[in-house]
Asks: 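One structure follows; several queries about it will come next.
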Amino acid sequence: MGQLSIILARCLQAIPTVFGIVVVTFLLTRALPGDPAAYFAGASATPESITEIRAKLGLDQGLPRQFATYLKDLSRGDLGQSISTGQPVAAELLKRLPASLELTLTALFLSVMTAIPLGVLAAVHQDSWIDQLCRFVVTAGVSLPTFFTGLLLIYVLYFLLGLAPAPLGRLDLLHVPPPHVTGFLVFDGLLAREWATAWSAFKQLMLPAITLALFTLAPLARMTRAAMLQALASEYLRTARAAGLSRGRVLMVYAFRNAMLPIITTLGMVFSFSLGANVLVEKVFAWPGIGSYAIEALVVSDYAAVQGFVLSMAILFVLLNLAVDTLYTLVDPRVRIDG
Amino acid sequence: MNRRELLKSAGALAFGSSMLPFLKSTAWAAPNDTAVVLIGNTINSLDIHRPGTNRPSYQVAVNVYDRLVTFGTRKLADGSLAYDYDKVQPELAESWIVAPDRKSITFKIKPNATFWDGSPVTAEDVKWSFERALALGGFPKVQMGAGGFVDPAQFVAVDARTFRIDLKRPSKLSLPNLGVPVAVIVNSKVAKSRATAADPWAAEYLHRNPAGSGAFKVERWDAGQQLVYVRNDKWAGGPLPGVQRVIIREVPAQATRRALIERGDVHLSFQIPNKDAQELAANRKIKVTGSPIDNCLYVACLNYNFEPFRDQRVRQAVAWAIPYEQIFRQAAYGRGVPMWGGKSAKPVSAVWPQPFPYATDLAKAQALLGQTAYKAGFEVPLSFDLGEADWGEPAALLIQESLGKIGIKVTLDKVPGANWRTVALVEKKLPFLLENFGGWLNTPCYYFYWAYIKGNLFNASNYDDPAVKKLIDETLHMEKSDPAYDPKVRQLIQKAFDDVPRIPLWQPTLESAMTTRMQGYQFWFHRQVDARSYKLV
């Protein structure tokens with residue numbers, strides 16, 4: 001089977017999953033406590049004004065009817081209108097997704113750059129000081145909640161030392177966002193040749209990215225270390241050493257390449273959960289990402305926004321799994337994707 | 001080891017420099033002209049009439065639009081400024097005349113009043129805007145109704161500069177109700193040009209694009225991040241604002257907001273928790289202002305649907321068993337106005353709110369409860385809104401402990417914010433709850449209207465008393481200068497003292513922290529940022 005047909009088959013397999021998610025989120029949002037009509041009618045609302053709003057939201061109709069309307073809109077790519085922000089959900093998610101992705105990808109880059117060398121070194125020099133350091137970092141990473149790390153970093157680097165910029169979101173007060181190209185402010189700033197804006201966006205990005213990186217680093221380093229240990233103890237490695245291959249070649253080509261499979265799996269998982277888990281980081285750093293959007297929508301029972309968020313995350317996960325699977329076939333020719 | 005070097009240099013880049021970057025726009029750089037304000041919640045619309053517009057968005061109506069009238073300023077005992085309910089002043093109206101039978105008010109619009117696009121403000125705009133507030137329904141309609149404006153036919157454009165409101169009955173609430181955020185005047189020519197058959201009131205357009213005459217225009221709005229106001233130098237509604245530009249930034253995390261104001265990187269952190277206010281008050285570089293919120297009380301409501309609370313002596317026993325001092329210290333952090341321990345069992349004046357004649361006296365509570373069928377005690381859940389947990393939770397815990405001592409076993413019931421309104425205020429089925437209603441229009445009868453008439457939204461107690469209802473009907477529209485007004489309000493307060501369906505804990509304050517450079521901060525009944533008076537020194 002060619003690469004392309006594999007990908008196509010995977011996409012087809014995702015359709016029932018996505019439909020299932022559509023049904024479940026629709027039912028779950030309806031099961032949320034609270035009455036959005038009463039909420040949006042606001043202070044000093046009367047029963048009549050609540051009824052008026054309920055009719056306006058289409059909530060006075062039966063569930064099957066509401067679901068049919070929802071499916072019809074969805075088939076046109078319309079995720080509906082968020083009642084709390086008054087903007088189309090799709091537009092809002094598209095606007096906020098780059099902020100979350102910029103943060104998550106930077107954090108992931110930082111944590112991969114730290115975790116993999118750390119894990120490899122820890123495995124190679126087992127029980128040395130570097131292994132202990134790895135253990136310490138891993139334990140700290142999983143046990144410190146992200147909002148705590150975030151607040152600690154703000155307290156030390158911003159409040160006490162004044163090294164980091166004010167945690168005011170993606171740009172400081174003096175800059176306006178560059179023209180929208182990718183939605184990643186650092187890139188857009190560079191593309192527009194607005195160096196100062198790009199620099200400001202980069203500085204604003206560092207603290208939240210480090211916070212998130214500290215959190216995602218732990219599973220990666222742990223998995224790298226374990227996979228490397230397993231590879232190092234294997235027979236093919238003993239053969240390679242016995243054949244007199246250089247140490248570097250043995251480690252990087254034979255051991256590391258074989259250890260990469262579980263690392264990629266972990267990376268995919270870490271990426272997906274950190275997209276959701278950075279809600280707290282977003283809150284602490286006033287970062288306008290999709291996590292905080294979803295939380296705000298949940299608080300006010302904003303059905304369209306919650307459904308849109310869950311659906312887009314589900315699609316993102318499906319795409320991510322696809323990417324991970326494709327990567328497998330590149331890393332390990334033995335892996336085949338079948339049915 | 002290239003990767004590690006890269007990592008090292010990335011780290012150095014991040015931490016190494018805090019120098020100011022070059023500025024893209026020089027206008028933004030004038031620090032004396034730009035005030036930076038932090039808020040904790042998010043502005044979700046620029047149109048106050050739209051269904052779904054949340055409270056934080058009301059500040060846009062205040063800063064960007066004008067009303068016919070506004071309120072004057074008074075200085076409080078601590079030197080801070082607050083709006084003055086008793087001084088209604090011109091905003092877009094130059095003057096007004098109340099008809100001899102008090103059944104209509106005629107306004108003359110200022111000749112120099114223009115919208116941002118240069119067109120004059122006409123009576124037609126006023127009429128259209130008020131009709132819009134009624135037509136879009138929801139909260140704006142209810143609030144317009146509070147002033148007696150229920151029917152579009154009441155709004156009459158006499159000529160271009162003369163606007164008349166006909167009243168179904170004379171009311172003291174009508175004129176002040178034209179100064180609330182909802183009664184904004186929209187540029188109807190712009191709005192109509194954007195209206196469609198499906199959207200005759202241009203709700204889609206005005207949601208994102210304000211069209212007003214106010215002191216500030218919206219320069220940019222990044223929903224969920226910031227709102228930037230820039231001054232309208234042709235503003236006719238009042239003295240020109242002292243700042244050229246105001247940046248409103250949304251920072252959800254309390255701790256982050258506090259770090260920012262303490263570092264002095266922002267000028268004002270609007271509405272901070274009482275705990276922060278108490279701690280920041282000791283900081284010399286920060287000024288903390290706590291303004292008592294008029295006509296607002298934090299109360300414990302006793303629901304008449306719950307059998308034991310039908311007995312007046314049980315309600316009074318609860319009122320005597322509440323640990324007021326402790327609640328004030330631990331839930332309000334000492335910031336607020338005490339509303340217990342009134343000297344006399346009779347109201348000394350018609351001032352509202354005033355301290356109720358209860359204090360913590362467990363012996364008295366026990367004795368009162370002993371006279372009832374519930375002397376063996378009973379069990380009751382105490383509910384509070386999780387969105388108000390900062391004061392609700394400590395207050396509820398203290399009440400639980402104290403009532404336990406007279407045999408009332410209290411369990412705590414935390415209700416999620418989205419659910420609160422429905423169960424507490426619409427269905428009114430919680431037996432015992434903490435509530436925080438405050439009325440925009442600052443008269444005692446207005447508070448009683450919402451909180452002491454059966455069926456009205458904030459009467460979560462289901463209190464129902466024909467005498468009280470009659471008194472409220474009589475006083476609600478009566479002028480305060482009427483000689484009958486004071487005695488009747490005193491009777492109302494007396495009933496509130498005796499029946500205690502709502503036990504006041506304290507009168508809350510709106511706390512804000514600002515740097516010493518920020519001047520002109522003023523408290524408004526709508527409890528939102530009004531940047532028109534801000535100055536930087």
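Reminder, nothing fancy here: chain letters follow the sequence lines and each chain counts from 1. The basis for the numbers below is simple: all heavy atoms, side chains too, and nothing from hydrogens, waters or symmetry mates.
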Asks: So, B/Thr256 side chain and A/Val284 main chain: donor-acceptor pair closer than 3.5 Å or not?
Replies: yes
Asks: For residues B/Arg220 and A/Pro177, determine if any side-chain heavy atom of one lies less than 4.5 Å from a side-chain heavy atom of the other.
Replies: yes
Asks: What part of A/Leu168 gets closer than 4.5 Å to chain B, counting heavy atoms only: side chain, backbone, both or neither?
Replies: both
Asks: For the CZ atom of A/Phe159 and the CZ atom of B/Arg258, what is their distance to the nearest 0.5 Å?
Replies: 7.5 Å
Asks: Indicate the atoms forming the closest heavy-atom contact of B/Gly224 with A/Pro288, along with that distance.
Replies: O-CB, 4.5 Å
Asks: Take B/Asp265 and A/Tyr158 through the test side chain to side chain contact (heavy atoms under 4.5 Å, CB included) and record every step on the way to the result.
Replies: CA-CA 11 Å; B/Asp265 280 344; A/Tyr158 165 67; 2.6 Å; yes
Asks: Less than 4.5 Å to any heavy atom of chain A: does that hold for the side chain of B/Gln254, its backbone, both, or neither?
Replies: neither
Asks: Give, for atom CZ of A/Arg96 and atom CD of B/Gln225, the distance between the pair rounded to the nearest 0.5 Å.
Replies: 7.0 Å
Asks: Are there more than 12 heavy atoms of other residues, nucleotides or ligands under 6.0 Å from atom OH of B/Tyr205?
Replies: yes
Asks: Check whether more than 12 heavy atoms from other residues, nucleotides or ligands sit under 6.0 Å from atom NZ of B/Lys429, and answer yes or no.
Replies: no
Asks: Looking at B/Glu262, B/Glu250, B/Lys141, which has the largest count of heavy-atom pairs under 4.5 Å with chain A?
Replies: B/Glu262
Asks: Is chain A contacted by the side chain of B/Arg208, its backbone, both, or neither, given a heavy-atom distance below 4.5 Å?
Replies: side chain
Asks: Measuring only between side-chain heavy atoms, which start at C-beta, is A/Pro167 closer than 4.5 Å to B/Leu260?
Replies: yes
Asks: Let me know if B/Val251 has heavy atoms under 4.5 Å from chain A in its side chain, its backbone, both or neither.
Replies: both
Asks: How long is the gap from CD1 on A/Ile154 to CZ on B/Arg263, to the nearest 0.5 Å?
Replies: 12.0 Å
Asks: Taking NZ in A/Lys283 as the centre, count heavy atoms belonging to other residues, nucleotides or ligands within less than 6.0 Å. Is the count above 12?
Replies: yes
Asks: Looking at B/Gly439, B/Ala203, B/Gly455, B/Ala253, which one has more heavy-atom pairs under 4.5 Å with chain A than the rest?
Replies: B/Ala253
Asks: Of all heavy-atom pairs between B/Thr42 and A/Glu296, which one has the smallest distance, and what is that distance?
Replies: CG2-OE1, 3.7 Å
Asks: Non-hydrogen atoms of chain A under 4.5 Å away: do they reach the side chain of B/Leu425, the backbone, both or neither?
Replies: neither
